[in-house]
Amino acid sequence: MTATPEATEATPTIVLVGHGMVGQRFLEALAERGLTATHRVVVLCEEPRPAYDRVALTSYFSGRTPEDLSLTDMEFIAAHGIELYVGDPAVTVDRTARTVTAKSGRVVAYDTLVLATGSFPFVPPVPHQDARGCFVYRTIEDLLAIEEYARTATTGAVVGGGLLGLEAAGALKGLGLTSHIVEFAPRLMPVQVDEGGGAALLRTIEEMGLSVHTGVGTQEIVVDETGAVTGMKLSDGSELATDLVVFSAGVRPRDQLARDCGLTVGERGGIAVDAQCRTANDPHVFAIGECALAADGRVYGLVAPGYEQAETAAATIAADEAAFTGADLSTKLKLLGVDVASFGDAHGTTADCLDVVYSDSRAGLYKKLVIGRDGTLLGGILVGDAEAYGTLKAFTGSVPPVSPESLVLPAGASGGAQLGPSALPDDAIICSCHNVSKGAIRGAVTEHSCTTVPEVKKCTKAGTGCGSCVKVLGRLVTAELEASGVEVDKGLCGCFTQTREELYEIVLALRINTYQGLLDRYGREEARGGDGCEICKPAIASIIASLAPTIGASGYVLEGEQAALQDSNDHFLANLQKNGSYSVVPRIPGGEITPEGLIVIGEIARDFGLYTKITGGQRIDMFGARVEQLPLIWTRLVDAGFESGHAYGKSLRTVKSCVGQTWCRYGVQDSVRMAIDLELRYRGLRSPHKLKSAVSGCARECAEAQSKDFGVIATSNGWNLYVGGNGGATPRHADLLAQDLTDAELIRLIDRFLMFYIRTADRLERTSTWLERIPGGLDHVRDVVVEDSLGICEELESLMADHVAHYADEWATTINDPEKLARFVSFVNAPDTPDPVVGFVPERDQIKPDLPLLTIGHRPLEGSAQR
Amino acid sequence: MTLAPETTDLKIQLRLDKDWFTVCDLTALTPGRGVAALLPDGRQVALFRDRAGELYAVDNRDPFSGAAVLSRGLTGTHRGRPFVASPLLKQRFDLVSGECLDDETVRIATYEVRAAA
Ligand code: SRM
Ligand SMILES: Cc1cc2nc3c(=O)[nH]c(=O)nc-3n(C[C@H](O)[C@H](O)[C@H](O)COP(=O)(O)OP(=O)(O)OC[C@H]3O[C@@H](n4cnc5c(N)ncnc54)[C@H](O)[C@@H]3O)c2cc1C
Ligand code: SF4
Ligand code: FES
């Protein structure tokens, strides 16, 4: 399609070439300044989709879809009348006629042209560098192609051990490939870290199963007769076999368009601009982002400086004062859970500066601060633990209020100081992606009445970039809320001021094994001696049940006082349905069931006229049982060897499995056996919310383990453990906790994980929300359950051992206890009379509740009920 | 073990019009939980006993779902008022007045109840 340039006398036109991260930010800056109202804005976007979050690109592999990554709100584009042409790159610029021609033939006349073309990955000119199986790592399309190709590959190699290379290697590993990193420099991440940091990083990365080859270059890509990659030749003469190669050897500014139209570019590339981001030769043309060579002679490969340039260009177009004179290169990377951060003068290039170094190579920790003569914090490097990054970065350029040593010592060590964000000055930058100061965040709370982190994010944009500042942000918001007198009552309910976690600690430490004992001693003044409420009763019943053998309570949930506390479903050991009938779900561990088992269930369902359905949890649910039928049904089920499936409890539900190695041609481990083992181990374990699990026999993941609270995926070397997954209303992919575990390691880790969750979660908080809520998130959980950083693992394991040793099927216990059975009646004064409101009508050859009966209430009965 | 006399022979009785209708032994009620009773005319009553020994009786029908299930709900106290929460959709009902604490337009019937020899 060819369009004629439109008349521009009336509305001046701004043309933006490149709709990447910086381009999008530029559009937002235009809109904020009202320039979209006074200008026609045309965007030429090369990629097949509008701007997305390139920084978070790798999260595609952990489940974020391209849509999730999008940075472009189409309503914003429409509301501001922006003409966005997707998949239509600019091919030539005519600076005399002031027109841009796009690939489609579209010609757009401009008054102002803004180039935001980003960079392209540099691919070293080695033989066969473009063979089948060679990729770069820059766009969503690159990732889709890598993912597709990885299906047929077993090994992958990344050329380049910088920030992006490590991310790419982590992604390949996540795709199930044996992964190598080849880095020319003598250490990983040579730009960000020094030798010490590189060593700490190397150890941790290698421990994760990635092979690192430093100090060697790639000389040639080896291909087979079909032209597909089979390996690479390295400069030390060795050869590395690999099916797939990702080049991540740096980026180069995309300045071809500018070169072609005679704009000045730097010696090593980059469109030369002044402090206003205007090109050196043409006041009508600007360049921003990674394609620009800034006034300080640098090309910035990070998003924060690009955003600042976008603001500067927009301000300049609006005739406001603004300048971009340089930015700091602070970065924080998280690769498979290893934190690497560098900020300020990380390499200590300032004259006369001193280093403060803390290093623990065993733990993969390395922290270095660069301090000026006068005590000013100039910069630093953190490897293995970048907890302090946000705070330290904000202090850079000033003298911190505590000694520098205490800032790098681990929190537990004597002298280690935690510098809270409250110590920061108001002008400290908390979010460098969006240049948001502490003052602005406080203002969001005090002036814009934001009361939650998401509200503050929305209001200030802080935390919506790389996300590395979110932790500090959360602490600031809480501190500010508390300072402004917003009393956040964190108590469990109207009866207790303590949180569930605190109550758990009290129950465990003091061995309190009754609810009343807890309420009367630790409840709120006004609640003591009372009856409690529907929130704390089941929550504390659950705590007591989780800890029963350890604190000397009965493990049977219907025993004594416990019976009165249970949620209604637990009280009848079945799930209440809408008409007052119950459903019955026997446990079918791992979904494996014998033909005899199926027949028994079929016979029982037929004899009691129950509706049967296969559940989403790989077992069978029988619906429509009256309360007085439950013991009869369960007597038959228990006789046939079935036990409670705890479909009613906040406890382990199912451990799903795929057929695995035994039958499936792809399976690499016996997933069914492992699922059964896990289900039998954790059955009956009461927890803050229900627990679900699954075991897949290979990375194809037919059991959907990554949507479970704890999911297990077989590898050729053992098992990978994923935690914190969730289906339901807010699905969340589970995070990888540990890899290639043996059976025993896997079980030990799950024991610890579950007990730590039970100990610290809020009531009705699934592992997914818990993992996202607790300070430190997954890293913290890994520290605690893998590294035993709190020294509690032994206790967690022994608590679980107690649970396992004392498990008893609660239905078997119940049917053998006449006193308990007496409760399973519709009417205390007419035990043989069924509830007349529970009626059924036929549907598809089975029954369904008679709902009209519910609206009538009851049908008058012959007066036979009185005894 | 010697049982205190008041807990051995006492019966729970409900007032229906002028008469007291005997339902069951007091011991059939676990403090903090309820039971359902069937009245001669087919109505259902949910009976509760709290920790202090106080008795309550309300209609067993959950007006929100129509099911006769209130006797199976969890009980508690809210600002000093005893209540039962429906096990289906969790609305709370004041055990003394029958008022729904979550929707003031709804109220369930209550009965006079006593423990008598
Ligand atoms: C029977 C079943 C549906 C079916 O016909 O297949 C089912 C039925 C119920 N689900 Fe479910 N869920 C069933 C599988 C699932 C699954 C699939 C799975 O487990 O793989 C999910 C998504 C996975 C997940 O939980 O992460 C699921 C997510 C939920 C949720 C949302 C949880 C969340 O975190 O968002 C609820 C509500 C809740 O727990 O608060 C829920 C709650 C319920 C309740 C208990 C609602 C209630 O309180 O009455 C239903 C009662 C069943 C009954 O009366 O017997 N059900 N439910 C499935 C029983 C599985 C089993 O064998 O135990
Ligand atoms: C995997 C990965 C991780 C990263 N992690 C971080 C991080 O943690 N922190 C950080 O600060 N930075 C990170 N970066 C770098 C960051 O993504 C870039 O600095 C940022 O995207 C630069 O924005 P930009 O708009 O200048 O370029 P880009 O986002 O690359 O956008 C440029 C766009 O212009 C388009 N284009 C090029 N030529 C034309 C043309 N002729 N016509 C039309 N369109 C054209 C391109 O297709 C592209 O879509 C990461 C990058 C990657 C790839
Ligand atoms: S997950 Fe793997 S082993 Fe299990 S059934 Fe699917 S393909 Fe087979
Ligand atoms: S620093 Fe990147 S989002 Fe705040």
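- Nearest heavy-atom pair, A:Gln566 versus B:Leu74, reported as atom, atom and distance to 0.1 Å: O-CD2, 3.2 Å.
- Residue A:Val627 touches chain B through its side chain alone, counting heavy-atom pairs closer than 4.5 Å.
- Two residues are said to be in side-chain contact when any heavy atoms from C-beta on lie closer than 4.5 Å; B:Gln44 and A:Ser826 fail this criterion.
- Ranked by heavy-atom pairs under 4.5 Å with chain B, the list A:Glu561, A:Lys537, A:Gln516, A:Glu819 is led by A:Gln516.
- Interface summary for chain B: among A:Ala527, A:Ser581, A:Ser568, the most heavy-atom pairs under 4.5 angstrom belong to A:Ser568.
- Here B:Ala36 is the residue among B:Ala36, B:Pro87, B:Gly32 with the most heavy-atom pairs under 4.5 Å with chain A.
- Among A:Pro849, A:Gly580, A:Gly494, the residue with the largest count of heavy-atom pairs under 4.5 Å with chain B is A:Gly580.
- At most 12 non-hydrogen atoms from other residues, nucleotides or ligands lie less than 6.0 angstrom from NZ of A:Lys578.
- Here A:Leu565 contributes atom CG and B:Thr30 contributes atom OG1; the two are 11.0 Å apart, rounded to the nearest 0.5 Å.
- Heavy-atom contacts from other residues, nucleotides or ligands closer than 6.0 Å to CD of A:Glu843 number more than 12.
- Considering every non-hydrogen atom in both A:Gln577 and B:Leu88, the closest pair reads O-CD2, 3.6 Å.
- Both the backbone and the side chain of B:Ala37 come within contact range of chain A, each with at least one heavy atom under 4.5 Å from a heavy atom of that chain.
- Expressed to the nearest 0.5 Å, how far CG of A:Asn829 lies from CG of B:Leu47 amounts to 8.5 Å.
- From A:Phe827, atom CZ reaches atom SG of B:Cys24 across 13.0 Å, with rounding to the nearest 0.5 Å.
- Taking all atoms of both residues into account, the shortest heavy-atom contact from A:Asp531 to B:Arg51 is OD1-N, 2.9 Å.
- B:Ala68 and A:Val837 make their closest contact through CB-CG2, 4.2 Å (heavy atoms, listed as atom of the first residue, atom of the second, distance).
- Proximity to chain A involves both the backbone and the side chain of B:Thr75, based on heavy atoms less than 4.5 angstrom apart.
- Panel note: side chain A:Arg823, backbone B:Ala28; no donor-acceptor pair is recorded below 3.5 Å.
- You'll find the side chain of A:Glu534 reaches within 4.5 Å of the side chain of B:Arg92, heavy atoms only.
- In this structure, no portion of B:Pro63 lies under 4.5 Å from any heavy atom of chain A.
- Residue A:Ala563 touches chain B through its backbone alone, counting heavy-atom pairs closer than 4.5 Å.
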